[in-house]
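Here is how names work: the chains are called A, B, and so on, in the same order as the sequence lines, proteins then strands, and each is numbered from 1.
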Protein chains: 2
Amino acid sequence: MSTRERSQMATSLRVACMRISRRVRFESGDDLAPHQFSVLLRIEDGAQTPRELAEIERVSAPSMTRTVAALVDRDLVLRAEDPNDGRSVLLSLSREGVEMLKAIRRRREAWMLDRIKHLGDDELDTLRRATQILERVAAE
Amino acid sequence: MSTRERSQMATSLRVACMRISRRVRFESGDDLAPHQFSVLLRIEDGAQTPRELAEIERVSAPSMTRTVAALVDRDLVLRAEDPNDGRSVLLSLSREGVEMLKAIRRRREAWMLDRIKHLGDDELDTLRRATQILERVAAE
DNA sequence: TATTGTTATACTCTATAACTATA
DNA sequence: TATAGTTATAGAGTATAACAATA
């Protein structure tokens with residue numbers, strides 16, 4: 001494949017990914033703001049303290065204090081004192097938080113499934129192989 | 001392909017697209033906020049009035065007033081009175097606005113090209129065909 | 001002293017309500 | 001009256017600076 005073709009492909013692929021991503025977000029009817037969803041995912045993924053979350057999400061400590069407070073207010077996240085360090089708080093998902101993540105994922109999956117359900121096996125196979133490549137590319 | 005497989009594919013593909021999209025935005029070093037970039041694209045695409053832009057972007061009229069004002073302040077967008085309707089203003093991209101869009105696209109393309117440059121022809125071909133499918137899917 | 005987290009304050013983007021000017 | 005756009009004001013999100021409590 002020529003350099004010119006690669007370049008065009010890079011743009012088309014990028015634009016297609018961004019369109020899909022945008023529509024998933026807009027049309028799945030999430031009832032959680034993007035930054036809140038993201039923090040919930042981080043906690044699910046093992047992050048425990050506001051400090052950690054602020055670093056991962058690259059926001060300031062006071063911003064994370066607010067975001068976490070909002071999630072605790074909505075009973076999606078639990079706060080506990082750290083028995084080993086009186087300065088720290090330990091965060092975890094509540095049952096409601098786990099359910100919220102499940103519900104959002106369910107809606108997003110449904111949206112995407114609806115888009116690909118009428119494709120033929122050939123096209124699905126192409127998408128499957130492309131997905132594996134994209135996963136590698138995005139992880140680098 | 002079974003329903004179960006399709007469902008898993010839908011999720012993997014969605015997540016891969018969102019990751020790519022997120023990294024493109026974060027790592028291309030845009031010097032324009034996302035909502036400003038989006039409005040610039042809409043004007044390039046033919047939108048002329050704040051009213052139109054507010055509807056397309058689904059924000060309130062006052063919000064669009066501010067966004068447009070910021071773009072005009074930065075000399076990226078030109079305002080003109082509508083000769084046929086004294087209430088309206090007509091917006092267009094300035095030369096700087098056109099350049100800004102070009103620069104952002106150039107950086108985003110470079111980022112994506114950098115990710116796919118080491119792939120083999122087989123993989124690139126898979127991505128090319130997947131891109132065509134995704135474009136159709138995203139357009140529906 | 002260094003670190004964790006919060007409070008104080010300010011700036012930006014969002015919204016709704018009220019206003020001006022024009023159709 | 002209805003429409004295009006702005007201004008006024010308030011509610012979230014962001015930030016930095018200053019503070020408390022603990023290590």
In whole angstrom, what separates A:E52's CD from C:dG5's C1'? 14 Å
Atom-pair distance (CG on B:L71; C1' on C:dT12), nearest Å: 14 Å
Closest to side chain of A:T65, choosing from C:dT4, D:dG5, C:dT6: C:dT6
With a 4.0 Å cut-off on N to O distance, would you call B:E27 and B:R23 a salt bridge? yes
Any side chain to side chain donor-acceptor pair (under 3.5 Å) pairs touching residues 89-102 of chain A, not counting sequence neighbours? A:S94-A:E96
A correct 5'-to-3' footprint of nucleotides 15-23 of chain C, with B, S and - meaning base, sugar-phosphate only and no protein heavy atom under 4.0 Å, is BBB---BBS
Which atom pair, heavy atoms only, marks the closest approach of A:A47 to A:E52? CA-OE2, 3.5 Å
With sequence neighbours left out, the residues meeting side-chain contact (heavy atoms from CB on, under 4.5 Å) with B:A103 are B:R106, B:R107
A:R74: salt bridge (charged side-chain N to carboxylate O under 4.0 Å, His left out) partners, not counting sequence neighbours: none
Going by side chain to side chain contact (heavy atoms under 4.5 Å, CB included), A:L91 matches just one of A:L78, A:L71, A:T49, A:L53. Which one? A:L53
Just how far, in rounded Å, is P of D:dT22 from CZ of A:R51? 17 Å
Quick one: is C:dT6 close enough that its OP1 or OP2 comes under 4.0 Å of any side-chain N or O from A:R79? yes
Using a cut-off of strictly less than 4.0 Å between a heavy atom of the residue and any atom of DNA chain D, enumerate the qualifying residues of residues 32-41 of chain A by number. A:H35, A:Q36
Could you report the tightest heavy-atom contact between B:L134 and A:A16, atom names first, then the distance? CB-CB, 4.0 Å
What is the nucleic acid contact for B:S88, judged by heavy atoms within less than 4.0 Å: base, sugar-phosphate only, or nothing? sugar-phosphate
With sequence neighbours excluded, residues passing salt bridge (charged side-chain N to carboxylate O under 4.0 Å, His left out) with B:R42: B:E57
